[in-house]
Amino acid sequence: MKIQKMAIQWFPGHMHLTRKAIATRVKETDVVIELLDARLPGSSANPMLAELTVTKPSLKVLNKRDLADPLCTELWLEYYNALPKTRAIGMDAADKGPAKRLIDACRELAPGRGGMAKPMRVLICGIPNVGKSTLINTLAGKRAAKTGDEAGITRLEQRVTLESDFYLFDTPGVLWPRIIVSQSGYNLAASGAIGRNAFEEEEVALELLSYLKQHYAHALRARYGLEEAGASTDEALLSAIGRQRGALQSGNRINLQKAAEIVLHEFRAGVLGAISLETPTEYAKWLASGQLLDAQRQARKSKKN
Ligand code: G4P
């Protein structure tokens with residue numbers, strides 16, 4: 001599948017640098033905030049980050065909650081809140097008190113920190129496009145002072161002071177070198193986390209339609225007025241959407257590329273409604289089979305060498 005191709009393009013020098021910067025910062029971190037996309041929390045979690053921060057209390061912020069299915073978001077919040085040393089909250093750009101909610105949740109996770117002698121040091125991470133700049137700008141604009149040029153703060157991070165004894169360190173958004181769960185690759189591409197020349201829009205749109213047909217057929221019917229939305233094949237559905245939206249090329253043929261762009265754009269913008277692409281149970285299944293396939297692949301590779 002095309003998404004695997006990105007592995008090569010995805011490990012540029014800056015990712016090594018970011019990894020190093022995170023590893024250094026983690027040593028002096030009390031809580032790690034991981035910003036996740038509420039529509040795909042499992043797929044938008046960075047396994048590299050999990051490995052680097054395994055010993056630290058973790059706050060999962062399910063961002064873009066306005067775009068996600070509220071029932072799924074509840075399932076994910078329950079799932080994360082049941083994990084040790086972990087809290088989870090939902091959030092979106094319209095949130096009126098993001099700083100207070102973040103501060104309260106972090107103080108709960110690290111009750112021993114606070115006061116000038118032991119200020120709370122929080123690291124915030126998230127994959128590209130998850131909404132980290134938006135959140136940090138809101139935090140920095142309202143009640144925080146941005147400082148990026150102090151000793152000990154690398155060029156790769158910035159520090160935001162949320163309260164006099166509460167520092168937030170920002171890191172650049174990173175993707176990871178390999179995606180072992182193929183459905184995660186599709187979900188990340190559908191969400192807009194992956195640059196558009198790294199995947200085939202038609203392929204991603206077909207995967208998206210396949211999931212929407214099963215779980216949100218009513219949304220497809222409502223948006224595209226297609227009665228048969230739940231019953232037709234993914235390809236027939238994409239063609240029908242293309243026809244309905246006038247995505248045609250010479251000879252009155254459907255322009256599937258254009259149709260795919262329409263579907264992806266409307267999903268990303270929330271025009272199709274509040275939709276999530278995975279539940280904790282679904283994701284756990286995908287992860288287990290992805291890990292199995294990956295282990296088999298690695299075994300074959302080491303046999304060859
Ligand atoms: P990043 O730093 O993590 O890369 O992400 P950034 O804040 O740049 O946000 C990426 C896109 O997601 C932006 O849209 C931003 O407006 C949008 N966004 C951030 N938080 C939320 C949220 O809670 N809900 C929704 N619906 N969208 C959110 P954009 O189209 O790339 O830019 P623009 O339209 O804001 O100019």
Side-chain angles (χ1 to χ4, degrees), residues 1-12 15 18-19 22 32 34-54 58 60 62 64 68-69 72-73 75-80 82-84 86 88 125-130 173-196 198-216 234 264 267 275-305:
M1 103 175 167
K2 299 290 183 322
I3 280 169
Q4 287 293 341
K5 191 175 77 176
M6 289 180 298
I8 304 151
Q9 302 161 12
W10 269 14
F11 211 56
M15 196 185 289
T18 306
R19 190 191 167 102
I22 294 177
V32 174
E34 186 170 20
L35 222 56
L36 301 171
D37 188 322
R39 297 166 298 173
L40 46 144
S43 294
S44 59
N46 187 337
M48 180 178 97
L49 184 68
E51 184 197 310
L52 290 172
T53 62
V54 67
S58 169
K60 312 286 184 193
L62 304 195
K64 304 197 183 184
D69 182 334
C72 281
T73 302
L75 293 177
W76 279 105
L77 291 174
E78 262 172 44
Y79 166 79
Y80 286 125
L83 298 179
T86 308
C125 311
I127 61 166
N129 212 36
V130 74
V174 271
L175 284 166
W176 46 98
R178 284 183 317 133
I179 291 181
I180 62 165
V181 178
S182 56
Q183 196 59 44
S184 290
Y186 288 122
N187 288 356
L188 286 164
S191 75
I194 296 176
R196 58 180 298 184
F199 61 90
E200 302 273 346
E201 268 139 340
E202 199 178 317
E203 193 184 348
V204 173
L206 286 172
E207 282 295 323
L208 175 63
L209 286 176
S210 168
Y211 190 86
L212 298 184
K213 238 173 48 180
Q214 288 173 54
H215 301 275
Y216 299 97
D234 306 333
L264 291 177
F267 166 70
I275 286 173
S276 293
L277 297 182
E278 53 198 45
T279 64
T281 314
E282 278 169 336
Y283 182 74
K285 271 194 216 144
W286 300 340
L287 183 61
S289 61
Q291 282 170 335
L292 186 67
L293 282 174
D294 194 54
Q296 289 166 348
R297 222 173 4 240
Q298 300 296 338
R300 274 200 303 276
K301 226 164 111 185
S302 55
K303 229 179 181 176
K304 262 193 212 159
N305 297 336

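Everything quoted here is computed from the prediction, not taken from an experiment. The first residue of the sequence shown is numbered 1, and numbering continues consecutively from there.
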| said: Less than 4.5 Å apart, side chain to side chain, heavy atoms only: is that true for Leu188 and Ile127? | reply: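 Sidechains of Ile127 and Leu188: in contact.
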| message | Within the structure provided, determine whether Leu83 and Tyr80 are in side-chain contact (heavy-atom separation under 4.5 Å). | response |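 In short, these two side chains touch, coming nearer than 4.5 Å.
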Where [X] and [Y] come nearest, the two heavy atoms and their spacing:
X	Y	value
Ile179	Gly185	CG2-N, 3.7 Å
Phe199	Ile194	CE2-O, 3.4 Å
Cys125	Val32	SG-CG1, 4.4 Å

Run the salt bridge (charged side-chain N to carboxylate O under 4.0 Å, His left out) test against [X] and tell me which residues pass, sequence neighbours left out.
X	value
Asp234	Lys213
Glu51	Arg19
Glu201	Arg196
Glu278	none

Distance from [X] atom [atom1] to [Y] atom [atom2], nearest 0.5 Å?
X	Y	atom1	atom2	answer
Leu62	Arg39	CG	CZ	12.0 Å
Asp69	Leu277	CG	CG	10.0 Å
Glu282	His215	CD	NE2	4.5 Å
Gln298	Ser302	CD	OG	7.5 Å
Asp294	Lys301	CG	NZ	8.5 Å
Gln296	Leu292	CD	CG	4.5 Å

| query | Can you check side-chain contact (heavy atoms from CB on, under 4.5 Å) on Thr86 and Glu34, steps first, answer last? | reply | CA-CA 11 Å; Thr86 308; Glu34 186 170 20; over 6 Å; no
| message | Please determine whether side-chain contact (heavy atoms from CB on, under 4.5 Å) holds for the pair Trp76 and Leu36, giving the CA-CA distance in whole Å, both sets of side-chain angles, and the decisive distance to 0.1 Å. | response | CA-CA 11 Å; Trp76 279 105; Leu36 301 171; over 6 Å; no
| Is the number of heavy atoms from other residues, nucleotides or ligands under 6.0 Å of Tyr79 OH greater than 12? |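 It does not: Tyr79 OH has 12 such atoms or fewer within range.
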| Do the rings of Tyr211 and Trp286 sit parallel, tilted or perpendicular, given the 30° and 60° boundaries? |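 Ring orientation of Tyr211 relative to Trp286: perpendicular.
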| Leu287: side-chain contact (heavy atoms from CB on, under 4.5 Å) partners, not counting sequence neighbours |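 If we apply the side-chain contact (heavy atoms from CB on, under 4.5 Å) test to Leu287, skipping adjacent residues, the hits are Val181, Tyr283, Gln291.
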| Listed partners of Leu75 passing side-chain contact (heavy atoms from CB on, under 4.5 Å), at least two apart |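 For Leu75 the side-chain contact (heavy atoms from CB on, under 4.5 Å) partners, ignoring immediate neighbours, are Thr279, Pro280.
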Check: [X] side chain, [Y] main-chain N or O, donor-acceptor pair, under 3.5 Å:
X	Y	result
Gln183	Gly290	no
Ser210	Leu206	no
Asp37	Ser44	no
Ser191	Ala189	no

| task | Identify which one of Ser276, Ser43, Ser182 satisfies the side-chain contact (heavy atoms from CB on, under 4.5 Å) criterion when paired with Asn187. | result |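 The option that passes is Ser43.
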